[in-house]
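Input: a single structure, listed below in structure tokens.
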Amino acid sequence: MLSIKNLHASVEDLCILKGINLEVKPGEIHAIMGPNGSGKSTLASVLAGKEDYEVTEGEVVFNGVDLLEMEPEDRAREGMFLAFQYPVEIPGVSISNFIKTAMNEKRKHFGQEDIKAVDYLKKIKEKMALLEINPKFLGRSLNQGFSGGEKKRNEVLQMAMLEPKLSVLDETDSGLDIDALKIVANGVNKLKTSDNATIVITHYQRLLDYIVPDFVHVLYNGQIVKSGDKTLAHELEKNGYDWIKEEAAATV
Amino acid sequence: MNVETAFDLKDKLVEDFFQLEEKRKALNLNGQNAYWTEGIEAFKKQEFPTTKNEDWKYTNLKPYLERTYSNYQSSSINTKIDITDFVGNDDVYYITFVNGEWSEMNTHLPKQDGVVVSNLLFAFETEYAGVKNYFGKYLSLEKNIFSALNTASFTDGLFVEVAKGVVLDKPIVCLYLTDSSQGNLTANYRNLFIVGENAQVKILEYNYTLNNANYVLNTFASEVFVDKYANVDYYKFQLDEAKVSQINQVEAQQEQNSVFTTNTFTLSGDLVRNEVNVLLNGEHIESFLNGLYLTDGKMLVDNRSLMDHAKPNCMSDEFYKGIIGGQSKAVFNGKIMVRQEAQKTNAFQSNKNILVSDNATINTKPQLEIFADDVRCTHGATTGQINEDALFYMQARGIGKDVARKLLLKSFAADVVERVQLDFAKEFLLDLIARKLEEI
Ligand SMILES: Nc1ncnc2c1ncn2[C@@H]1O[C@H](COP(=O)(O)OP(=O)(O)O)[C@@H](O)[C@H]1O
Ligand SMILES: [Mg+2]
């Protein structure tokens, strides 16, 4: 589904991603862990198509097409989804209107009619129930005045509505208390099928107790320095990232 | 120094005055001619302002005064109109003017006790006490040359008088139509609204251009008296085409416990200058000034206001937003005056702008003059661009950049639109905004 080869990316001439390689197949859950500043969000942003980041080398193929050639909106319509670490507040645009617009833009892309108002309402109410979000949220301005946890749940709500092929969850656990974490993880697990894939970016192992990864990768200093199964996450939890840093330093 | 060519226009307008005076002889004015005569005398004594004048610092009139304009061109357009086409609703009273002339055919007025709505000349001819008591009371001829010009040359306008305790059952719509097919044109409209104690009325004005062949410079002057406990909701939809300019003045006086709201929506035209001055002349008054301007091309939109707090315990709230594109220019100057007696004043002012093009400009300036010590005044002006992070966030959800941009701009304008109290006007405005955003 996703094939990243030797990806280099920089921002303002500062090289942040220094040769990332990653293969994600349908049905898989990958976790990307790593210390702060290692480039996890940068990788997510490059996949979503943020202009600030310049890809200097390498390629990304998403379902057979060159992802890097696509506009951000086309990536989304083709099934790429990024749950932002820091969702943007957009005053004056209601959640309901926003998600409906996004869904219809996708449908238009595939030559489909706009979703019927009743169908839309039914679906969003269902997903809100799944994520235990108060229906009152529908009329509220996007992310405006939301708590950290509310913003993250709202991201997962959008994911549930848009039904992406590949979801990248960037620190969706930060700002969530344990109950909210369980709800969000449960939501993500319910959306999981054998056809879609998930990349979970996280700093801590805790979320991975609930969203169990098939693979765990450690991103450090712009490179994936170690990959393994879920036991790697436990190891990181126990021993921290210092040994990774030391290992990485030793191989230079 | 004044622009040489401006003298030419001035001479031309003085000449026109005598022609207009000839026409007025057909009316039954019973010696009320003096109003116009005083106007022309005051006009002769003043000069058109240059940018050296502080009130016109950012609005250079020179290009607009270099042309000549003729008064009183009849329009060949005298068919019956469908009011719904112009305002999106037919459940209204309405009155129509074309090139400064009343169109009787396109007028449908209330027949409610205690309500007089007519063209202003009719009110003059019938010598309504309202004219005698209020005309020229709030608009000073010495204030600026345009108030003098308007008084010297007005050919008609809207007269509204609502008696004590009367609530109008429908809003009053006033259409000002411009047809410049015969040549450069000027029309001067004069309005007088007298709203009695505890009375309520909604007045909506719309500027439309039927034919944009030549240049037009219209002036509008409205005097508004809002008696105690009265509620007046006043709207201006400025929708002229690219060659039509207007200089607009509103002079209002409110008495205790009254509510007056002025909403000014500018979506097209050439030069649009709006000046709204409100005197809060009693206690417990609420006064709202809402404005939205969406500009593109070479438009110049200049909004000025004065909220003059003369008495204690009043509230004024000024809320203007602008989306400025193309090579257009917007100017905002909001002055809040709190006189010494006006303790416990609450005065708010906000002006927010988004520049959507590199060649668009905004000059925004709040002015506070506070002579009382126990007051709460807040003011703020912001100018920004479209939020790129928000744009990307929307794109990352599959929303095309263009759609996302429009959604963001529409949402920027939303809280001004929310202030519109009439549903049909709100919908109409949303529609105008959506169409305008296609162009900006
Ligand atoms: N837009 C940007 N401008 C400048 N530096 C950036 C930008 N985005 C990220 N960086 C830098 O790149 C590095 C990686 O950041 P990030 O991808 O956010 O790390 P992580 O998500 O792993 O914590 C950091 O040193 C950060 O300061
Ligand atoms: Mg990050």
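Because the structure is predicted, anything quoted here is derived from the model rather than measured. All heavy atoms count here, side chains included; hydrogens, waters and symmetry mates do not. Order of the sequence lines fixes the chain letters, A, B, ..., with proteins taken first and strands second; residue numbering starts at 1 for each chain.
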>> Tell me whether the rings of Phe260(B) and Tyr234(B) are parallel (<30°), tilted (30 to 60°) or perpendicular (>60°).
In response: parallel
Item to complete: Please state whether the rings of Tyr206(B) and Phe237(B) are parallel, tilted or perpendicular, taking 30° and 60° as the class boundaries.
Response: parallel
| said: Quick one: does any side-chain atom of Asn196(A) pair with a main-chain N or O of Leu191(A) as donor and acceptor, under 3.5 Å? | reply: yes
Look at the aromatic rings of Phe84(A) and Tyr393(B) and report parallel, tilted or perpendicular, splitting at 30° and 60°. tilted
Turns out that what part of Pro87(A) lies under 4.5 Å from chain B's heavy atoms comes down to both
Checking heavy-atom separations under 4.5 Å from chain B, one finds in residues 92-121 of chain A Gly92(A), Val93(A), Asn97(A), Phe98(A), Thr101(A), Ala102(A), Glu105(A)
So, the part of Lys410(B) with a heavy atom under 4.5 Å from chain A: the answer is neither
(request) Determine, using ring centers only, whether Phe288(B) and Phe319(B) are less than 6.0 Å apart. (result) no
Is any side-chain N of the basic residue among Arg77(A) and Glu163(A) closer than 4.0 Å to the acidic one's carboxylate O?
no
Between Thr193(A) and Asp195(A) (side chain of the first, backbone of the second, donor and acceptor by atom type, cut-off under 3.5 Å), is there such a pair? yes
Greatest number of non-hydrogen atom pairs under 4.5 angstrom with chain A, of Ala390(B), Ala404(B), Ala413(B), falls to Ala390(B)
